[in-house]
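Some notes on the structure that comes next.
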Amino acid sequence: MTNPRSPFESADTAPVRPTSTSGSAGTASGEPSRSVRFLTVRGRSGPLLPPFESIIGRDERVRIVDTDLSPWRMVCSLQMRGPNGSGAIGTGWLVGPRTVLTAGHCVFSTSFFGGWAATIDVIPGRNGSGPAAESEPFGRVTSTSFSSVDRWQSSEDPDFDIGCIHLDEPIGETVGWFSVGVRTAEQLEGFQVNVSGYPGDRGNGTAQFHGNNRIVQVSERRLFYEVDTFGGQSGAPVWIYENDDTTKPLAVGVHAYGTGGTPSTLGITANSAPRITPEVLALVTEWVTQDGGWPSP
């Protein structure tokens with residue numbers, strides 16, 4: 001589908017909008033995940049001690065094995081295919097019953113696809129490459145309907161590298177979806193973030209790996225952090241738990257780049273994600289509404 005007109009262009013005159021969407025744990029098992037208890041990070045961390053490079057380069061990712069539980073089942077393995085048959089892997093995450101958020105380059109890329117992807121298989125909570133009955137606990141949905149931000153489509157600007165996959169089936173009703181929220185730079189700096197996705201170097205895009213660390217810098221449109229990632233994790237959710245007591249993940253960015261995407265002028269070695277800004281939140285709301293919206297409370 002043609003991407004909707006982006007509200008980024010009229011941000012200065014936009015009305016006051018909500019600061020977050022409501023998430024859902026879905027109707028699947030409500031059993032608490034041990035991985036969440038032992039692997040995820042919450043709240044803020046202590047003072048950042050140099051050198052920043054002490055984390056980047058050491059692989060601290062851990063495989064998630066209980067992907068049938070929340071929030072891991074909201075994270076999706078993506079198998080993309082271009083019009084010429086070329087294939088690629090990526091990650092996406094549910095933000096509504098029929099809406100998957102991902103990196104813009106997972107749906108539109110002049111280098112990968114020569115433009116828009118042709119088809120994308122979305123596999124929530126994928127867990128390895130074994131028989132589908134075991135490795136795909138919620139099945140898979142194939143989509144041919146995608147959206148992206150105007151600025152990404154026109155110039156592939158890294159600050160606007162956000163895309164969307166529209167689904168015909170409301171798989172989010174079963175697996176749930178992330179709450180998406182806007183937080184200021186001051187609120188985000190020093191927060192510990194979680195990133196979970198499907199890398200190509202471990203499991204070839206079939207196994208979910210999680211990493212965490214703190215945000216080291218926030219620009220107008222991007223978050224920079226020292227969470228280990230690899231190709232295939234593009235499009236993964238970057239989320240926080242705002243305090244030690246909450247069990248509700250709040251997504252604040254869309255992972256898109258390794259250290260090579262960090263401007264040298266910042267003087268840091270970090271991976272990065274386009275931020276959830278008020279304009280991004282408005283666009284996500286537009287995409288979810290286009291797909292039928294969120295259910296009434």
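For the numbers below, each heavy atom of this structure counts, side chains included, while hydrogens, waters and symmetry mates do not. What you see is a predicted model; the values in this text were computed from it and never measured.
- Within the structure, every pair that satisfies the side chain to side chain donor-acceptor pair (under 3.5 Å) test and touches residues 202-211, not counting sequence neighbours, is listed here: Asp59-Arg202, Asn194-His210, Ser196-Gln208, Tyr198-Gln208.
- Ser155 pairs by the side-chain hydrogen bond (donor to acceptor under 3.5 Å, both in side chains) definition with nothing, not counting sequence neighbours.
- For residues 22-32, no pair satisfies side chain to side chain donor-acceptor pair (under 3.5 Å), with sequence neighbours left out.
- A donor-acceptor pair shorter than 3.5 Å cannot be found between the side chains of Asn127 and Ser135.
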Requested in this report: Start with the C-alpha gap between Thr21 and Trp294, add the side-chain angles, then the distance that decides, and say whether side-chain hydrogen bond (donor to acceptor under 3.5 Å, both in side chains) holds.
Outcome: CA-CA 9 Å; Thr21 65; Trp294 292 286; 5.3 Å; no
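- Counting only heavy atoms from C-beta outward, the side chains of Glu279 and Arg221 approach each other to under 4.5 Å.
- Applying the salt bridge (charged side-chain N to carboxylate O under 4.0 Å, His left out) test to pairs two or more places apart or on separate chains, none has a residue in residues 67-80.
- The side-chain tip of Arg222 points at the ring of Tyr257 from less than 6.0 angstrom away and within 45° of straight on.
- Legend: residues meeting salt bridge (Lys or Arg N to Asp or Glu O under 4.0 Å) with Asp201, ordered by chain and number and at least two apart, are Arg61.
- For Ser77, the side-chain hydrogen bond (donor to acceptor under 3.5 Å, both in side chains) partners at least two apart in sequence or on another chain are Arg126.
- Annotation: side-chain hydrogen bond (donor to acceptor under 3.5 Å, both in side chains) contacts of Glu169 (sequence neighbours excluded): none.
- In this structure, the side chain of Asn271 engages the main chain of Val227 through a donor-acceptor pair within 3.5 Å.
- A donor atom on one side chain and an acceptor atom on the other are not found under 3.5 Å apart for Ser143 and Ser145.
- Under the ring-ring contact (aromatic ring centres under 6.0 Å, His included) criterion, Phe178 pairs with Trp93, Trp239, not counting sequence neighbours.
- Qualifying salt bridge (Lys or Arg N to Asp or Glu O under 4.0 Å) partners for Glu136, counting only residues two or more places apart in sequence or in other chains: Arg140.
- Legend: residues meeting salt bridge (Lys or Arg N to Asp or Glu O under 4.0 Å) with Arg98, ordered by chain and number and at least two apart, are absent.
- For Arg275, there are no side-chain hydrogen bond (donor to acceptor under 3.5 Å, both in side chains) partners at least two apart in sequence or on another chain.
- For Phe108, the ring-ring contact (aromatic ring centres under 6.0 Å, His included) partners are Trp116, not counting sequence neighbours.
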